[in-house]
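To find a chain, count down the sequence lines: A is the first, B the second, and so on, and within it residues start at 1.
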Amino acid sequence: MQMLEGLNEAQKAAAGHVEGPMMVVAGAGSGKTRVLTHRIAHLIDQGVDPFSILSLTFTNKAAREMKERIGRIVGDSEARNIWMGTFHSVFARILRIESERINYPSNFTIYDTQDSRSVVKDVIKGLGLDDKLYKPNSIHGRISGAKNNLIGPGDYAANSDIIGEDHQAGRPRIAEIYAGYDARLKRSGAMDFDDLLFKTNVLLRDFPDLLHKYQQKFAFILVDEYQDTNFAQYMIIRQLGAARENVCVVGDDAQSIYSFRGANIQNILNFQRDYPDCAVYKLEQNYRSTKNIVEAANAVIAKNQDQIRKDVWTGNDAGEKIDVHRALSDNDEGGFVADAILTTRSREQAHNKDFAILYRTNAQSRAFEEQLRKRNVPYRIYGGLSFYQRKEIKDLISYFRLVANPSDDEGFKRVVNYPARGIGKTTMDRLTVAAARHDCSLWDAVRDPLRKPEDLKGAAWGKLQDFTTMVEGFATRLDSASAFDLGHHIAQHTGLLRELHKDKTPEGVARYENVEELLAGMKEFSEQVDPANPDAIHTLGDFLLDVALLTDADQDDGDDNKVSLMTIHAAKGLEFPHVYIVGLEENLFPSQMALNTREELEEERRLFYVALTRAEKKATLSYALTRYRWGQLMQNEPSRFIEEVDDQYLNLPVVNARRPEPVNFNAARSTFYKQMPSGNRTATPPKPGMKKLTPTAAGAAADAGGAPASSGGIAPGVEVQHARFGKGKVLKLEGEIPNVKATVFFPTAGQKQLLLKFAKLEILG
DNA sequence: TGGAATGATGTTTTT
DNA sequence: CATCATTCCA
């Protein structure tokens, strides 16, 4: 039992569990990763073949770390053979192996969100639909949601509930778009992110021999962050685990923050239903944070209705109280945090890497970047525009994709005329029409003499031929050259490097350097030696296999002593001694998109819980009174979440001396909350029914409340009814009484600016 | 056909 | 405010 040394009793019990289904409900900071790694080490120690262990994590980074930690216990040679990775990466591997069953090439391309959207947009255009009504973005979301619930195009069209919804929303032809989208992907030999899960389910559903094969192969299955799995993932686990029932899921319902992506807390309950005799272990001792932080976080999460009751506690010291800081503006907030980091760093001799700044949206990173840069504090931003999504990187990778899979239309379109080689819009339009007519890829329309577009000849046709010939030339080296050699060759011979080199602007230079960085990464990739097979070449195809599913967080630059900036979502699973949770303002955090239902608000609250529990020693909350959003200065109220942290855990805000008239923090908060439309606040239950708002009432109410940016119960986020435009949602208010102007979004009429004086708005209770 | 200039449009969170 | 997309001109 030496594998279980150093664990507490609960951890030991969970990690020592060998046969049969089990579930670990693990509070934040309670050592669930420890349990997972030690359990796997223990399994191997008990003679389980690493090849038969399937361990699914949420990020590649988590997988890599876990592998390393297991390696340290049982040795790298054993650890290396475990099937460990994200759902997407593991099943992409399996799909490549089994691709011919579902009539896909094994070198299928994985389309990222950009690619998918572009296809959706094309299909919408092709059907002659209005892309104002059929917004590619939201249609893609709808399709993605369907796939995550294992609803294919056929099921979608046949499902009267769904069709009814679409009809209701005035978009009855989504089913057609879905079908067209799917056909286009198929034709391009491409799968989108959702397909990786969807098609895996198809494999397991339609091919009993494959189901049997992988059931036998994966004798032990472990799933981390189970609370964030969606239905498609749930079904994969259920299918694969059905034969042996050696399924272990680990999760914390309080940290479920991905329902927007189809994650379903219900999966935890389903698990217990599917395996009635599953063992349940609870890890409740937090080793990470101070008492103050743990208890503050407990108090916050207790306000949620939907939860599995847990009693998370810690034996750690009480520690410092949580600071709350009010900033005047977003820049001011950046300055405050940067200064605080400097001060703390020298006072406690802390390192840069001990600090994290966590925000709700990527767009908030800017002020912090600026202020940190000003003070020469090294930082690293995670997420946002990932390295691999940058134009120049995607361009080069599109060449790679096209070389590996010529049917990849998105890749084709992207690079056919970059660098410019005289293939313009007209040419491409004609080619696209021909491809559609023959139901083939763009590539085939060029290469297959039977499908040649009649209206293309002469110079344009010659240029297309030249282009495809060039790409074909690259493809001949696909199996013989290393990823780096071929990649570098392509970057040069397409003229892409030359093109980038011409641009001497700072941005242009940065782009060139990015490409160099990508190539450097490929060199490293190419030179890795697999001890089991030292002579194997790492080809461009192998490289592409990884690259589509890599995210920015997976990149490592040597120097890791940097302040971390990231969204709270990206921070899940991480911990830092000092954590700054910033932008705690109504409509930002909680997001204004999440104020409509209790469920949405509770997810925001869980997000806040996740943020708080990242902190080991000290947490600091901050908000800004004004902030630029959409290029406009917006006034903000402090987030309700600040109030939800009991005062006993807080150092209430240090009012900024520069502010001319100090505002009473609590007064400001209470006036605001009186106007909150809904939510589950106990202090001021929402008034039932509909309230008529006359101009005078609006003025009077606003006068009484004294809040600058709200009026008579009308506040950002409130649903209102307008005589002409119908139902809408208030986005923002500006101006002084009595000339308060509201920006309201009406689904039917679009965004309107209305003067409350004149517009008769009814609040929808 | 290519590039610049202008105009519309959109922001949550991610594999 | 950014990015994108379309439009317009060389």
Checklist outcome for this item: Separation of B:dT14 atom C1' from A:E603 atom CD, nearest Å, is 12 Å
Next on the checklist: Quick check, does A:F260 stack with B:dT12? I mean ring centres under 5.5 Å and planes off by under 30°.
Outcome noted: no
Checklist outcome for this item: Note: A:R614 and A:A571 closest approach over all heavy atoms is CD-O, 3.3 Å
Next on the checklist: So if I take every side-chain heavy atom of A:K391 and compare against B:dG2, C:dC4, B:dT15, which nucleotide ends up nearest?
Outcome noted: C:dC4
Checklist entry - In terms of the nearest nucleotide of DNA chain B, which residue is placed more toward the 5' end: A:A420 or A:R629? => result A:A420
Checklist entry - If you draw the axis of the six-membered ring of A:Y181, does the NZ or CZ of A:R184 fall within 45° of it and under 6.0 Å from the ring centre? => result no
Checklist outcome for this item: Of the listed B:dT13, B:dG2, B:dT15, the closest approach to the A:R360 side chain comes from B:dT13
Next on the checklist: When you measure from the side-chain N and O atoms of A:N362 to the phosphate of B:dT13, is any distance below 4.0 Å, counting only OP1 and OP2?
Outcome noted: yes
Between protein and nucleotides 7-9 of chain B, what N or O pairs are separated by less than 3.5 Å?
from  : atom 1 : to     : atom 2 : distance (Å)
B:dT9 : OP1    : A:K132 : NZ     : 3.0

Checklist entry - For atom C1', what is the distance between C:dA5 and B:dT12, given to the nearest Å? => result 24 Å
Item to check | SB check A:R373 A:E370 (cutoff 4.0 Å) | outcome: no
Checklist outcome for this item: Side-chain contact check for A:E604: nearest option of B:dT12, B:dT1, B:dT14 is B:dT12
Checklist entry - Just wondering, are more than 12 heavy atoms of other shown residues or ligands nearer than 6.0 Å to OH in A:Y628? => result no
Item to check | A:R93 NZ/CZ over A:F91 ring centroid, <6.0 Å and within 45° of normal | outcome: no
Checklist entry - Which is true for A:D112 with a 4.0 Å heavy-atom rule: it touches a base, it touches only sugar-phosphate, or it touches nothing? => result nothing
Checklist entry - Is a donor on one side and an acceptor on the other found under 3.5 Å between the side chain of A:S118 and the backbone of A:Q114? => result no
Item to check | Phosphate-side-chain proximity, A:T426 and B:dT1, N/O vs OP1/OP2 below 4.0 Å | outcome: yes
Next on the checklist: If you compare every side-chain N and O of A:T427 against the phosphate oxygens of B:dT1 (OP1, OP2), does one of them come in below 4.0 Å?
Outcome noted: yes
Item to check | Parallel, tilted or perpendicular, as decided by the 30° and 60° cut-offs, for the rings of A:Y104 and A:F108 | outcome: perpendicular
Next on the checklist: Can you see if the side chain of A:N417 gets near the phosphate of B:dG2 - specifically, an N or O under 4.0 Å from OP1 or OP2?
Outcome noted: yes
Checklist entry - Within less than 4.0 Å of OP1 or OP2 of B:dT13, is there a side-chain N or O belonging to A:S591? => result no
Checklist entry - Which comes earlier along DNA chain B counting from the 5' end, the contact point of A:L607 or that of A:G422, where each point is its nearest nucleotide? => result A:G422
Checklist entry - With sugar-phosphate meaning primed atoms plus P, OP1 and OP2, does A:F589 contact a base, only sugar-phosphate, or nothing at under 4.0 Å between heavy atoms? => result nothing
Checklist entry - C1' atom, C:dC4 versus B:dT13: distance in rounded Å? => result 22 Å
